[in-house]
*Asks:* 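This is the structure I have questions about; it appears just below.
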Amino acid sequence: MSGDNQRVDAPHSPYAVPPVPPVPPVPARSRVRRLASPGLTLAAVGLAFAYVGTVDPNEPGHYPVCPLFRLTGILCPGCGGLRSAHAFAHGDLITALGANALAVVGYFVFAGFMILWLVRAGRGGPTPSFTLRRPYWWAIGALALVFTVVRNLPFGAALAP
């Protein structure tokens with residue numbers, strides 16, 4: 001074979017890899033664009049709380065009844081959540097805790113997550129992720145189950161709405 005036929009870099013070679021063009025740098029997002037997602041999320045939750053704060057769930061006919069409670073008479077972990085949100089929206093933390101203490105804990109966890117998200121977005125940092133290892137999810141589920149059982153027993157009547 002001649003030297004001309006043994007060129008390794010020939011374009012017709014099945015193993016030839018074309019050169020990769022350089023990737024242009026990603027332009028930095030503006031502060032407004034970074035704050036858009038957490039801001040819109042906070043606005044949507046604020047509107048939902050404003051609606052529940054305006055339309056009283058203690059008056060019948062405004063919201064549907066919990067299907068588990070209607071069918072079995074058992075209070076689920078979310079029963080009283082709307083009444084809790086209504087009281088929370090009016091600044092009545094004691095009534096909110098009495099309606100559904102687990103929901104109030106959820107409001108504060110959500111508020112902490114939103115503050116973290118807004119601060120990171122304002123500084124250009126990464127979006128916080130809410131990833132927990134499996135044992136923590138099991139613990140949260142067990143806590144919700146214990147809360148549900150205790151609030152349905154006579155000695156846990158203080159946790160019932």
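Counting from 1, the numbers follow the sequence of the chain as shown.
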*Asks:* Does one hydrophobic cluster hold both Val146 and Leu153, with members joined at side-chain heavy-atom distances below 4.5 Å?
*Replies:*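 Yes.
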*Asks:* As an exercise, state the distance from NE2 of His90 to CG of Asp56, rounded to the nearest 0.5 Å.
*Replies:*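 Here the interatomic distance stands at 7.0 Å.
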*Asks:* ring-ring contact (aromatic ring centres under 6.0 Å, His included): which pairs involve residues 135-161, sequence neighbours left out?
*Replies:*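 Qualifying pairs, neighbours excluded: none.
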*Asks:* Show every side-chain hydrogen bond (donor to acceptor under 3.5 Å, both in side chains) that has at least one partner inside residues 60-80, sequence neighbours left out.
*Replies:*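 For residues 60-80, and leaving out neighbouring residues, the side-chain hydrogen bond (donor to acceptor under 3.5 Å, both in side chains) pairs sorted by first residue read Glu59-His62.
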*Asks:* Where the side chain of Asn152 meets the backbone of Leu75, is there a donor-acceptor pair that is under 3.5 Å apart?
*Replies:*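 Checking the backbone N and O of Leu75 against the side chain of Asn152, a donor-acceptor pair under 3.5 Å is found.
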*Asks:* Output a table of donor-acceptor pairs, distance under 3.5 Å, between side-chain atoms of residues 105-113 and any protein atom two or more places apart or on a different chain; print 'none' if there are none.
*Replies:*
unit_1	atom_1	unit_2	atom_2	d
Tyr107	OH	Gly81	O	3.2
Tyr107	OH	Ala85	N	3.2

*Asks:* Going by heavy atoms in the side chains, are Tyr51 and Leu47 under 4.5 Å from each other?
*Replies:*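 Tyr51 vs Leu47: side chains apart.
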*Asks:* Let me see the working for Trp117 and Thr127 under side-chain contact (heavy atoms from CB on, under 4.5 Å), right down to the final yes or no.
*Replies:* CA-CA 6 Å; Trp117 193 9; Thr127 302; 3.5 Å; yes
*Asks:* Tell me whether the count of non-hydrogen atoms from other residues, nucleotides or ligands lying under 6.0 Å of CZ in Phe49 goes above 12.
*Replies:*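 Counting other residues, nucleotides and ligands, CZ of Phe49 exceeds 12 neighbours.
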*Asks:* Of all the heavy-atom pairs spanning Pro38 and Ala121, show the shortest one and how long it is.
*Replies:*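 Nearest heavy atoms, Pro38 then Ala121: CG-CB, 4.0 Å.
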*Asks:* I need the Leu35 CG to Arg120 CZ distance, nearest 0.5 Å.
*Replies:*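 The CZ atom of Arg120 is 14.0 Å from CG of Leu35, to the nearest 0.5 Å.
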*Asks:* Of the non-hydrogen atoms in Cys76 and Cys66, which two are nearest, and what is the gap between them?
*Replies:*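 Minimum heavy-atom separation between Cys76 and Cys66: SG-SG, 3.7 Å.
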*Asks:* Taking Asn100 for its side chain and Pro77 for its backbone only, find out whether a donor-acceptor pair lies under 3.5 Å.
*Replies:*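 Checking the backbone N and O of Pro77 against the side chain of Asn100, a donor-acceptor pair under 3.5 Å is found.
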*Asks:* Do Val45 and Leu93 share a hydrophobic cluster (ILVMFWY, side-chain heavy atoms under 4.5 Å, transitive)?
*Replies:*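 Yes; tracing contacts between hydrophobic side chains, which count when under 4.5 Å, links both residues.
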*Asks:* Grouping I, L, V, M, F, W and Y whenever their side-chain heavy atoms are under 4.5 Å apart, do Leu102 and Leu159 come out in a common cluster?
*Replies:*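 In one cluster with Leu102: Leu159, yes.
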*Asks:* Check Ala50 against Thr54 and note the closest heavy-atom contact, atom names and distance.
*Replies:*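 That would be O-OG1, 2.7 Å.
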*Asks:* Looking at Arg151 and Cys79, would you say the former's side chain and the latter's main chain have a donor-acceptor pair under 3.5 Å?
*Replies:*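 Confirmed, Arg151 side chain pairs with Cys79 backbone.
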*Asks:* Keeping the roles fixed (side chain from His86, backbone from Asn58), state whether a donor-acceptor pair exists under 3.5 Å.
*Replies:*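 It does not hold such a pair.
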*Asks:* Is there a chain of hydrophobic side chains (I, L, V, M, F, W, Y, each step under 4.5 Å between heavy atoms) that links Leu42 to Phe88?
*Replies:*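 Looking at the clustering, Phe88 is in the same group as Leu42.
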*Asks:* Nearest heavy-atom pair of Gly122 and Arg34: which atoms, and what distance?
*Replies:*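 Answer, listing the atom of Gly122 first, then Arg34: O-NH2, 3.1 Å.
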